[in-house]
Amino acid sequence: MFRNQYDTDVTTWSPAGRLFQVEYAMEAVKQGSAAIGLRSKSHVVLATVNKANSELSSHQKKIFKIDDHIGVAIAGLTADGRVLSRYLRSECINYSFVYESPLPVGRLVVQLADKAQVCTQRSWKRPYGVGLLVAGLDESGAHLYYNCPSGNYFEYQAFAIGSRSQAAKTYLERKFETYSDCPSEELVKDALFAIKETLQGEKLTSSICTVAVVGINEPFHIIDQQIIQQLIDSLEIKEEDAGEEDTGEADTTTMDTSPEAAPMDI
């Protein structure tokens, strides 16, 4: 069996300048269930797809509360995500104890990126096989960051990671310019639409998705499943009504109104 001689540890570079173990970790993120984030000036919404290994098992938790003003959604290896979530909670508690104020979101993201990057420099470690969408609110406003297993981090208006996330990205790219002034309710609806895009025809229900929100005067919390189901039902009704209107317009436009087709007046 072929064996790649350059992927035995994370500090061995290939002749093409690649670190294969880092690329394997990034591939693990792509294989994980989808996670989506959207932000406005005052709120950030996170949404994830809940996928169970079998019909007899429950799904694994993909959204974690870090502090009252910060939460994360993960895609990839859930075990690595839990480890990093505990680290983030510890950093928030320590900062709050010392400075008696919430930890700024940007500073926490930099610390997380540094921790992930160290794993690309030590031969006895491996990169964390998980991507994190970090949502938070601080004095400078609402923030949404993506932390990569390579140690890179980026701030986004809206983003999607995980399996079949490209469909959600395409939807978000069409809508993200309107998010800046959106209320949290509209962000939640768009998050559900983006989640639906990743399902590829599978029916969207509250049991296969989790949605959380953080914003001004609204601590980070996971929205109740019953409320999510009500929103999904209302969105489906709107889609059906829009489809009926389109069908009616199509029937009108396809009607033949030429003089030859008109009935003769006898």
Contacts table for residues 71-79: side-chain donor-acceptor under 3.5 angstrom, sequence neighbours left out:
{"residue": "T78", "atom": "OG1", "partner": "Q60", "partner atom": "OE1", "Å": "3.1"}
{"residue": "T78", "atom": "OG1", "partner": "K62", "partner atom": "NZ", "Å": "2.9"}

Answer whether the closest heavy-atom distance between the side chains of I222 and T210 falls below 4.5 Å. yes
hydrophobic_cluster_shared for F159 and L132, side chain cutoff 4.5 Å: no
CG/N50 to CD1/I208 distance, rounded to the nearest 0.5 angstrom? 8.0 Å
Nearest heavy-atom neighbours spanning Y145 and G106: OH-CA, 3.8 Å
Given the rule that I, L, V, M, F, W and Y join up when any side-chain heavy atoms are under 4.5 Å apart, are Y95 and L112 in one cluster? yes
Rounded to the nearest 0.5 Å, how far apart are SG of C182 and CG of D190? 6.5 Å
Please answer: with hydrophobic residues joined when any side-chain heavy atoms are less than 4.5 Å apart, are V130 and V109 in the same cluster? yes
Interatomic spacing from NZ in K203 to CD1 in I232 - rounded to 0.5 Å: 8.5 Å
Identify every side-chain donor-acceptor pair in residues 26-39 under 3.5 Å, counting partners at least two apart or on other chains, and give the distances.
{"residue": "E27", "atom": "OE2", "partner": "Q31", "partner atom": "NE2", "Å": "3.0"}
{"residue": "S33", "atom": "OG", "partner": "V49", "partner atom": "O", "Å": "3.2"}
{"residue": "R39", "atom": "NE", "partner": "Y156", "partner atom": "O", "Å": "2.8"}
{"residue": "R39", "atom": "NH1", "partner": "A142", "partner atom": "O", "Å": "3.4"}

Provide the full list of salt bridge (charged side-chain N to carboxylate O under 4.0 Å, His left out) pairs with a residue in residues 41-53, sequence neighbours left out, each pair given once. K41-D181, K51-E202
Determine whether R89 and Y87 make a side-chain contact, defined as any pair of heavy atoms from C-beta on separated by less than 4.5 Å. no
So do L144 and L46 actually touch side chain to side chain, heavy atoms under 4.5 Å? yes
V188-F193 co-clustered via ILVMFWY side chain contacts under 4.5 Å: yes
Could you tell me how the ring of Y146 sits relative to the ring of F154: parallel (under 30°), tilted (30 to 60°) or perpendicular (over 60°)? parallel
So how far is it from K189 NZ to S184 OG, rounded to the nearest 0.5 Å? 10.5 Å
Got a sec, which residues hit side-chain contact (heavy atoms from CB on, under 4.5 Å) with S14, two or more places apart in sequence or on another chain? Y6, A16, R18, F20
Would one find more than 12 heavy atoms of other residues, nucleotides or ligands at under 6.0 Å from atom NZ of K175? no
Do S206 and Q225 have a side chain donor and acceptor closer than 3.5 Å? no
List in chain and number order the residues that pass side chain to side chain donor-acceptor pair (under 3.5 Å) with Y153, two or more places apart in sequence or in another chain; answer none if no residue qualifies. none
R122 side chain reached by V10 side chain, heavy atoms, under 4.5 Å: no
Residue that, paired with I70, satisfies side chain to side chain contact (heavy atoms under 4.5 Å, CB included) out of L137, V214, V134: V134
Within the 4.5 Å heavy-atom criterion, are S40 and L187 side-chain neighbours or not? yes
Would you say the side chain of Y179 lies within less than 4.5 Å of the side chain of E186, judging by non-hydrogen atoms? no
State the NZ-CG distance between K196 and L204, to the nearest 0.5 angstrom. 7.0 Å
With the side chain counted from C-beta on, respond yes when L108 and E91 share a heavy-atom pair under 4.5 Å apart, and no when they do not. yes
For A47 and I195 the tightest heavy-atom approach is CB-CG1, 3.9 Å
Heavy-atom closest pair (H69 atom, L103 atom, distance to 0.1 Å) is NE2-O, 2.8 Å
Rounded at 0.5 Å granularity, tell me how far SG in C92 sits from CG in D67. 4.5 Å
Would you mind listing every salt bridge (charged side-chain N to carboxylate O under 4.0 Å, His left out) that reaches into residues 125-140, with sequence neighbours excluded? D80-R126
Honestly curious: do L235 and Y171 fall in one hydrophobic cluster under the side-chain, below-4.5 Å linking rule? yes
